[in-house]
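Submitted below is the structure of interest, expressed as structure tokens.
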Amino acid sequence: NAPLHVAVAAAAAGIVGGTASMTMAGGTSASLVPYTASTVPHEQIAKAIRCLAADFCDNAYPNRRKGGLLGLAAIAVAAEHRNVQEHIPKLMPPVLVCFSDEDPLV
């Protein structure tokens, strides 16, 4: 399996369209996964949402919870209106839980 940051970048690239890339040491760029918005499987977006919700939003460390919320927001913004409607039931619960977070910065 790919590291989480690679999987999230690839999922985000698929939602937005284009190619996910990483800048390597020395300034070279490596292409990860080319996708267009119409070819991203529903399951791939759902998997990225589940991963962010479980591994980040439900984490003991506040900075990871903040990162999870930022990732979910990025997916929601990038998914376009027609795609995000299908995922609202999965996106909202982790966001609502973070409203009552003990850390006010989350």
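Small disclaimer: the values here were computed from a predicted structure and weren't measured.
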Item checked: side-chain contact (heavy atoms from CB on, under 4.5 Å) evaluation trace for Leu91 with Val84 -> CA-CA 9 Å; Leu91 285 168; Val84 79; 3.9 Å; yes
Notebook entry, point to check: Can you list every pair that meets salt bridge (Lys or Arg N to Asp or Glu O under 4.0 Å) and has a residue in residues 66-77, with sequence neighbours left out?
Noted result: none
Notebook entry, point to check: Tell me the side chain to side chain donor-acceptor pair (under 3.5 Å) pairs involving residues 97-106, sequence neighbours left out?
Noted result: Arg65-Asp101
Check: Do the side chain of Asp58 and the main chain of Ala54 share a donor and acceptor less than 3.5 angstrom apart?
Finding: no
Next item on the list: Side-chain contact test, heavy atoms from C-beta onward, threshold under 4.5 Å: evaluate it for Lys47 versus Gln44 and give yes or no.
Entry: no
Notebook entry, point to check: Same hydrophobic cluster for Phe99 and Ile49, using side-chain heavy-atom links shorter than 4.5 Å among ILVMFWY?
Noted result: yes
Item checked: Within one Ile-Leu-Val-Met-Phe-Trp-Tyr cluster: Leu52 and Tyr61, side-chain cutoff 4.5 Å -> no
Next item on the list: May I ask whether Val97 and Met92 are part of the same hydrophobic cluster, defined by side-chain heavy atoms of I, L, V, M, F, W, Y residues being less than 4.5 angstrom apart, directly or through others?
Entry: no
Next item on the list: State the NE2-CD1 distance between His87 and Ile45, to the nearest 0.5 angstrom.
Entry: 4.0 Å
Below 3.5 Å, can you tabulate the donor-acceptor pairs from side chains in residues 68-75 to any protein atom, sequence neighbours excluded?
none

